[in-house]
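So the structure is just underneath, and the comments pick up after that.
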There are 2 protein chains.
Amino acid sequence: MSAKPVSLKVLAARLGLTVGTVSRALNGYKDISPVTRDRVKRAADEMGYRPNQTARRLSLGAPETVCYLMPRYSSSIAQPFVAQLLQGLGEALSKRNWDLLVSHAESSKEELAQIDRLVRSGRVGGLVISRPLKNDPRIRLIQDLKCPFVVHGRTASSDDYAWYDVDGDAAFVEAVNHLVGLGHGDIAFVGAPLQYQFAQDRLNGYERAMLGNGLTLTREYTQIADFSDEGGEIATNMLLDLPKPPTAIVCVSDTMALGALAAIRERGMVPGQDISVIGYDGLKFGTHANPPLSTMAQPQAHAGRRLGDMLLSIIDGDDPTKHQELQRAYLLRRKTDGPLHLAEAGSIVSEREELQ
Amino acid sequence: MSAKPVSLKVLAARLGLTVGTVSRALNGYKDISPVTRDRVKRAADEMGYRPNQTARRLSLGAPETVCYLMPRYSSSIAQPFVAQLLQGLGEALSKRNWDLLVSHAESSKEELAQIDRLVRSGRVGGLVISRPLKNDPRIRLIQDLKCPFVVHGRTASSDDYAWYDVDGDAAFVEAVNHLVGLGHGDIAFVGAPLQYQFAQDRLNGYERAMLGNGLTLTREYTQIADFSDEGGEIATNMLLDLPKPPTAIVCVSDTMALGALAAIRERGMVPGQDISVIGYDGLKFGTHANPPLSTMAQPQAHAGRRLGDMLLSIIDGDDPTKHQELQRAYLLRRKTDGPLHLAEAGSIVSEREELQ
DNA sequence: TTGCGCTCCGAAACCGGTTTCGGTTAGCGT
DNA sequence: ACGCTAACCGAAACCGGTTTCGGAGCGCAA
């Protein structure tokens, strides 16, 4: 249809006005008479005028763009939440016609350099980062750069910035309590590297709940492995090789839990019956696991929209520390959690039931 | 560290030069003496100068940005490929410091309006679209807009633009042939709405292979349903309710195949034994299905990079029709494909064998 | 009639870069 | 000594918008 986009200049020329006048007319300035304003607006969408955003943003001094820093994955299976998050973010931003950029770096150093370029070059007015480390160098950098940002997750000291997180600590307390309620006492933890704050949080919840239930923490029952299904499988194999293997396992993520199920099935045992497993994330494909994976679920779709709204209001000048949202996970029982089988653990069960 | 970004003006002032000179020095013009060029460059990265991209792009008249139009999903389980694609795209674009924008629309009309705004406002210099319909209105719009683009997938008439696709037709021929080789003859197809070209392609392959093996096509053996795991389950239930249910099913995607497995298990049958199932996509989580899903796999990570490179060279002036890449899927045998079981279907089976 | 204020629009500066054009200086040959 | 050329840099236009400032035109009251 239209070859070249129509600029403000040609629109003004066609109307016999100056560009300044046309611009003000379109932007609803009140020093323009209603009749010319209408005339301008009509001509504008007759000619299909779209203001050049690059020029507009340069003039405004605001990029009207935010960037999502895609997390690096060890396993390709761990990615489904990205699309949902992007969708939610886009939804929030589109209300103001802001743009959503995505950036992906191979290494941590590269990522820092990229962040620096991104904000120093004025391309973005805000950042969203996922899955921070305990002490994440990106956050200090962004703070130094004085660029508005929100974090999907938290770091060790999360007081002075905005974040949206799910309470992993509380979730694992609930998971462990649930298992204890089912009669389990030998509960193990399959975790991810503790440089990730979320991994630490969930481990904390696990330990707190164990202690709270009068159970003892065994070093061998805490297995840290690569954050992937393979990692979950390896960790679980370690557990099953123990002289006294656990009767239940809580996993730091659904992905790792999938690996745990594989390891268990491999030995001819059936998850949820011979040994219980609870994951974390509530990913949809858990329903198709073997057997369907019980998990601590969370409202994923919500996160993107909330993060987007938070970031926008911070850019508007809000105090970042006012935007800290802790969501609660809920237990989604499917088929991998079950009562302790009396047949094979005998006396131990009765002891525990007395305790409760 | 640095509060406000340093502009070309202050850099020039500090050097006692004009902005034009500094700009040319940094951009390697040869009408600048080597000594001042070095002096400028040194000062530039001493002061941490980063050219304002918004201004630069306005001046250049090129947005140096491409946009990926996120597909709309009926089921949240179908999204894992998005993150991989974005990663690949970003990788290709970052070689030139181009930006990657993502856009998501709720409805088709909205999407068209968004595309129009996106290119008419000069924000993007290229587009990537996924999973086109047979006759996709987006493509005509983008062509009218004269905006460079590449398609991840194809439409019914795909001669006049650039695309990257996997040969779904050939893949389903291979899948059906494989099943026939295992002794199956009553092979059904679980598909997605035929408005999607990929759904039609795969159906074509299925039908061609059936005919090619001397098998007859039955209307009831072709079940079209919603493109989701639930859809796959519903379709499979229809098939299993048939007076003469199929002994093997090929599914248009892994997601739908997961639903098929669920329906089969629901009736106490075991996939890969009582009835064979082959999916399509090769998604990682298929290994954790019950049982592990056999599928037509494809090199996912490759797609993003290729699409990015293609788009870039088209923007550089290449003929789009020179960039049409058809990838080949390969059979990934896991546990849901198996030989036809004569033993357990009793009379029904013998009937069937007579018919054949 | 003069003066005042209000309405409405034109002119121009500005955002931060890029690029063209022209002029100064130095170096060279004769 | 003169002129010519080449090397080097300054000045200014430009990209396409936004926004401030000032002035023309008008109505109204003194």
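The basis for the numbers below is simple: all heavy atoms, side chains too, and nothing from hydrogens, waters or symmetry mates. Below, chain A is the first sequence line, B the second, and so on; all start at residue 1.
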Legend entry - Over 12 foreign heavy atoms within 6.0 Å of CZ, B:Arg117: yes
Inset, instruction - Have a look at B:Leu60 and say if it touches a base, only the backbone sugar-phosphate, or nothing, with a 4.0 Å heavy-atom cut-off. - result: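 The answer is sugar-phosphate, as B:Leu60 gets under 4.0 Å only of primed atoms, P, OP1 or OP2.
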What I want to find out is whether [X] reaches [Y] closely enough, with some N-O distance under 4.0 Å, to be called a salt bridge.
| X | Y | answer |
| --- | --- | --- |
| A:Arg96 | A:Asp316 | yes |
| A:Arg57 | A:Asp99 | yes |
| A:Glu106 | A:Arg72 | no |

Closest non-hydrogen atom pair between [X] and [Y], with its separation:
| X | Y | answer |
| --- | --- | --- |
| A:Leu311 | A:Gly126 | CD2-C, 4.1 Å |
| A:Arg120 | B:Met47 | NH2-O, 4.2 Å |
| B:Tyr164 | B:His302 | OH-ND1, 3.3 Å |
| B:Trp98 | B:Thr65 | CE3-N, 3.5 Å |

Inset, instruction - Under 4.0 Å from any atom of DNA chain D, heavy atoms only: list the residues of residues 15-34 of chain A that qualify, in numerical order. - result: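 DNA chain D contact set from residues 15-34 of chain A: A:Gly20, A:Ser23, A:Arg24, A:Asn27, A:Tyr29.
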Legend entry - chain B contact limits on DNA chain D, taken 5' to 3' with a cut-off of 4.0 angstrom to heavy atoms: D:dC8 to D:dG16
Legend entry - Aromatic A:Phe198 / basic A:Arg154 pairing, under 6.0 angstrom, 45° off normal: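 No, A:Arg154 and A:Phe198 do not form such a contact.
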Inset, instruction - Report the residue from A:Arg140, A:Gln197, A:Gln195 that forms a side-chain hydrogen bond (donor to acceptor under 3.5 Å, both in side chains) with A:Asn135. - result: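 Exactly one option meets the side-chain hydrogen bond (donor to acceptor under 3.5 Å, both in side chains) with A:Asn135, and it is A:Arg140.
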Legend entry - Within residues 49-56 of chain B: residues closer than 4.0 Å to DNA chain C (heavy atoms): B:Tyr49, B:Pro51, B:Asn52, B:Ala55, B:Arg56
